[in-house]
Amino acid sequence: SLLHADDYEQVVTTAMAAARRWRDVPAPLRGKVIVTLRAKLLANQEMLAKLISLEMGKPLVEAMGEVQEMLDMADVALGLSRSLAGQTLV
């Protein structure tokens, strides 16, 4: 791992703070953020798959599947951003 054991607490604390800020973002704005993220994932699909393949030792075709899964999850999150009814999904 690139992180020292002492760094994990800071990483978790930072992630939890980000989650608290994210839950206060109105759903329509979350949707816009997700649309932008999905577009960037799609535009960089091949490069991301190569990085995943290199880092994880997966065959490129499997890494492409990982990127596709990220795109699919963005689609799910976008759909949820349009249907939140006073609930926060974290």
Side-chain angles (χ1 to χ4, degrees):
S1 174
L2 297 176
L3 289 177
H4 187 273
D6 296 337
D7 296 328
Y8 284 100
E9 186 173 333
Q10 180 60 40
V11 169
V12 170
T13 300
T14 301
M16 289 174 68
R20 284 190 296 273
R21 286 190 307 274
W22 180 249
R23 76 175 169 216
D24 293 333
V25 174
L29 181 54
R30 288 187 205 183
K32 288 180 182 181
V33 171
I34 293 166
V35 166
T36 300
L37 171 65
R38 190 187 189 290
K40 289 181 180 187
L41 288 170
L42 189 59
N44 294 288
Q45 189 170 9
E46 187 174 332
M47 183 267 307
L48 290 168
K50 287 178 182 177
L51 285 173
I52 291 168
S53 179
L54 180 64
E55 183 177 315
M56 303 300 293
K58 292 184 175 195
L60 188 57
V61 68
E62 193 174 322
M64 287 293 285
E66 294 283 344
V67 178
Q68 184 59 52
E69 187 173 342
M70 287 186 269
L71 291 165
D72 294 345
M73 291 306 299
D75 290 339
V76 169
L78 181 58
L80 289 172
S81 77
R82 293 180 179 153
S83 63
L84 290 178
Q87 297 178 332
T88 301
L89 303 175
V90 180

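Note that this is a predicted model, so its numbers are computed, not measured.
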Going hydrophobic residue to hydrophobic residue with side-chain gaps under 4.5 angstrom, can you get from I52 over to L42?
yes
L41, L60: one ILVMFWY side-chain cluster at the under-4.5 Å cut-off?
no
Separation between CE (M56) and CD (E66), nearest 0.5 Å, reads 7.5 Å
Between CD on residue E69 and CG on residue D72, distance to nearest 0.5 Å
7.5 Å
Is a donor from one side chain sitting under 3.5 angstrom from an acceptor on the other, for E9 and T13?
no
Does M47 share a hydrophobic cluster with L54, counting links as ILVMFWY side-chain heavy atoms below 4.5 Å and allowing steps through other members?
no
Would you kindly confirm whether V11 and M16 end up in one hydrophobic cluster when ILVMFWY residues are joined by side chain heavy atoms under 4.5 Å apart?
no
Distance check, rounded to the nearest 0.5 Å: R20 atom CZ versus D24 atom CG?
10.0 Å
Would you indicate whether E46, at its atom CD, is surrounded by more than 12 heavy atoms from other residues, nucleotides or ligands within a distance under 6.0 Å?
no
Does the side chain of M70 come within less than 4.5 Å of V67's, by heavy atoms?
yes
Would you kindly confirm whether L80 and L37 end up in one hydrophobic cluster when ILVMFWY residues are joined by side chain heavy atoms under 4.5 Å apart?
no
Within a strict 4.5 Å, meaning less than it, do heavy atoms of the R38 and M73 side chains meet?
no
Can you establish whether the number of heavy atoms outside K50 located under 6.0 Å from its atom NZ is more than 12?
no
Nearest heavy-atom pair of A63 and S53: which atoms, and what distance?
CB-N, 3.8 Å
